[in-house]
Amino acid sequence: MKGSSVLKMSSLRRLWRASVHCHRTFSASTAIMQAKKHTPSKDNEENGDPKAKPQESGKEKLLDLLGSMKVEVTSKRKLQSLKGQISKDQKRISVESLESATSMFQEAASENKDPKTVVSPELISAVSAVAKSMPDKNKVESELLQQLRKHESGNGIQAKQETANIVDIIADMKIGKQANNARFAARPANQIHFDDDGHGYIHEKEKNSDFTGVKRRFDLFQGKRLSIFQVPLEIKHPDKKEAPVLSLWDVELAKQIAAVVQHVPRNGFEEMIQWTREGKLWQYPIDNEAGLEEEAEVPFHEHVFLENHLEDFPKHGPIRHFMELVVNGLSKNHCLTVKQKTEHIQWFKDYFKQKEDILRENEVYLN
Amino acid sequence: MPRIEKMPVNQEWSSVYPTAYSFKSNAVPLPIRMGYPMKNSIPAEKKGNLELIKIPNFLHLTPLAVKKHCSALKAFCTTWPDVLDSDSKFQKNFPIQVESKDFVSSGPSLRNPNARIVTLFVNLKDLNLDHHSEKKLIKLAGERYNPMTDTIAITADRCPLRRQNYDYAMYLLTVLYHESWKHEIWEEEKTKVDHDEYIWNSSISQTHIINTILRMNGLEDSPTTREQLMNSVDLQEFRNSVTTLKNTKETETSILQYKESVKKVLGL
């Protein structure tokens with residue numbers, strides 16, 4: 001049955017590349033997934049262990065997963081069957097191919113749990129299969145095996161956790177659908193899929209005939225979390241009644257409603273009316289004092305007659321003369337508010353109070 | 001298909017250009033050309049012509065459109081009262097004229113400080129003044145009085161807003177009026193030198209002419225004769241002519257008049 005995925009040699013290559021890509025994305029350190037180069041390298045020291053501690057629980061989760069998982073023993077056989085097949089190189093790295101790769105590695109990882117330096121035979125066969133797809137066969141194979149052994153000998157917790165890391169990731173990625181490959185293979189892959197109605201994704205119809213026998217093992221959003229990624233707060237506390245975060249759709253809907261309710265101006269006059277209401281257009285006939293309502297409530301005598309503020313000053317003498325001049329000047333000032341004028345006078349009062357000693361000395365300060 | 005080709009001849013132009021808008025070449029059915037002509041060529045056509053778009057146009061203000069505007073605005077207007085059909089009536093009923101300016105400019109701001117200035121014009125004839133108060137008012141007003149038109153112009157610009165300045169100007173007018181009616185104590189100390197115009201009644205001229213007449217006619221110097229003389233027409237005339245000469249500018253007529261009056265008084 002072609003429903004189950006057929007691992008082609010090219011797909012293996014893709015797996016390889018995909019795994020590399022995955023490594024770059026998740027910055028995990030494994031023997032197989034290497035940074036920068038396509039060929040496997042020995043340095044996984046550079047790949048630190050940022051994920052070590054948070055993944056501790058992940059390891060347990062993984063174990064549970066694996067326990068519940070149905071290990072595909074068939075993969076090895078598939079690998080061997082693919083040795084003869086050489087298909088055209090397809091550049092596209094699809095998620096499905098990733099998935100099938102991960103199944104392989106998952107299996108490998110599950111084997112990795114027991115701390116043996118001996119690498120399992122299945123692993124070896126897998127390695128050989130992969131190596132066959134690569135140009136430098138022997139070297140690749142040897143390096144792969146080396147890495148595997150290193151893993152199994154392990155640096156104790158670190159190694160284990162490293163494997164746990166990558167295995168978590170793999171497990172997370174893999175949804176156990178090798179069947180998808182067949183679906184994509186059914187359609188020539190160089191046809192571009194359009195999403196016609198602009199949803200941004202392609203709604204693919206399920207070919208029920210293909211999947212009648214297959215039961216989904218994992219539902220996407222159920223099952224235990226592997227805590228690879230930090231869960232956003234909203235998901236963690238769904239019962240908390242916080243202010244609803246408006247999605248873009250909500251905003252768009254609100255805009256649509258507003259547009260319907262508002263009447264688009266039919267002509268220039270209506271546009272002018274709308275703008276006047278919004279405040280974009282001045283009110284005609286032009287009032288140069290529009291907007292100064294607060295100032296308008298102040299009567300004129302508060303601006304002009306400021307002598308009553310001179311009560312605290314001496315009645316005679318140079319200070320009085322001076323303050324009268326000040327008051328006169330202020331009364332003619334049309335730029336200041338009453339408050340500012342009183343503040344001016346207050347300032348003078350404070351100033352003269354400060355200099356009281358000097359003034360007394362000069363016999364100026366008469367009360 | 002551009003709009004111009006769909007336009008009927010008897011369309012309403014005011015619906016094509018209801019408000020001020022830049023030139024739309026496919027909405028204005030006129031074959032206009034604008035621009036400096038290239039060598040051996042004509043000015044550029046209107047299609048896509050920036051020169052036509054840049055300039056302000058009045059396509060929205062055709063006479064018909066203006067008429068429509070006026071008829072629409074009429075609903076918001078009140079008619080001019082029929083009673084006020086002459087200037088004099090207007091002046092009589094509304095003696096105080098208030099002037100202020102509004103400023104419109106294209107710019108980001110609506111404000112103009114010159115808009116706050118308010119000027120009041122009052123004719124002194126419309127104010128209830130007697131001789132003394134009138135003189136006093138003119139003295140108090142000073143520069144604000146215009147003797148040519150006999151008006152007082154009070155300008156107020158001390159306050160930031162027009163409303164406040166108007167109130168202040170009205171206040172000033174009221175104060176002027178009431179102050180001019182008051183008689184201060186020290187006003188009684190006015191001497192002859194302080195007078196701003198010539199009064200004949202207790203002047204040297206009066207004493208001189210009366211003495212002359214008395215001596216001329218050989219009359220007795222008694223109050224009754226003086227009174228008689230005072231009431232005589234000639235002397236009144238003499239008095240008027242002298243006052244005119246002294247108070248107003250010398251003119252030929254006034255001098256001739258004086259000559260006549262002197263002749264009459266002295267019986268020449």
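Values in this document were obtained by computation on a predicted structure and should not be read as measured data. Letters A, B, ... are given to chains in the order of the sequence lines, protein chains preceding strands, and every chain is numbered from 1.
A distance of 10.5 Å separates CG of B:L161 from CD of A:E297, quoted to the nearest 0.5 Å.
With a threshold of 4.5 angstrom between heavy atoms, B:S100 does not approach chain A through any atom at all. In this structure, chain A has no heavy atom under 4.5 Å from any part of B:S15. If you measure heavy-atom distances from B:D157 to chain A, the contacts under 4.5 Å come from the backbone alone. Only the side chain of A:F305 has a heavy atom closer than 4.5 Å to any heavy atom of chain B.
Heavy-atom neighbours of A:N267 CG from other residues, nucleotides or ligands within 6.0 Å: above the threshold of 12. Heavy-atom contacts from other residues, nucleotides or ligands closer than 6.0 Å to NZ of B:K190 number more than 12. Within 6.0 Å of atom NZ in A:K332, 12 or fewer heavy atoms from other residues, nucleotides or ligands are found, so the atom counts as exposed in its surroundings. For B:M1, the CE atom sits in a packed shell: over 12 heavy atoms of surrounding residues, nucleotides or ligands are nearer than 6.0 Å. In this structure, A:W275 places its CH2 atom where only 12 or fewer heavy-atom neighbours from other residues, nucleotides or ligands lie under 6.0 Å away. Within a 6.0 Å radius of NZ in B:K101, no more than 12 heavy atoms belonging to other residues, nucleotides or ligands are found. Residue A:Q283 qualifies as open at atom CD: its count of foreign heavy atoms under 6.0 Å is 12 or below. In this structure, A:E294 places its CD atom where only 12 or fewer heavy-atom neighbours from other residues, nucleotides or ligands lie under 6.0 Å away.
Chosen from B:R158, B:R163, B:H60, the residue pairing most often with chain A at heavy-atom distances under 4.5 Å is B:R158. Options B:N165, B:D167, B:L110 differ in how many heavy-atom pairs under 4.5 Å they form with chain A, and the most are formed by B:L110. Ranked by non-hydrogen atom pairs under 4.5 Å with chain A, the options B:P113, B:A156, B:S109 are led by B:S109.
Note: B:Y168 and A:F300 have tilted aromatic rings, judged against thresholds of 30 and 60 degrees for the angle between ring planes.
For the pair B:Q164 (side chain) and A:E302 (backbone), a donor-acceptor distance under 3.5 Å is absent.
Looking at every heavy atom in both residues, B:P160 comes nearest to A:H334 through CB-O, 3.3 Å. Of all the heavy atoms in B:P18 and A:G268, the pair that sits closest is CG-N, 4.2 Å.
By the 4.5 Å heavy-atom criterion applied to side chains, A:N288 and B:D102 are counted as neighbours.
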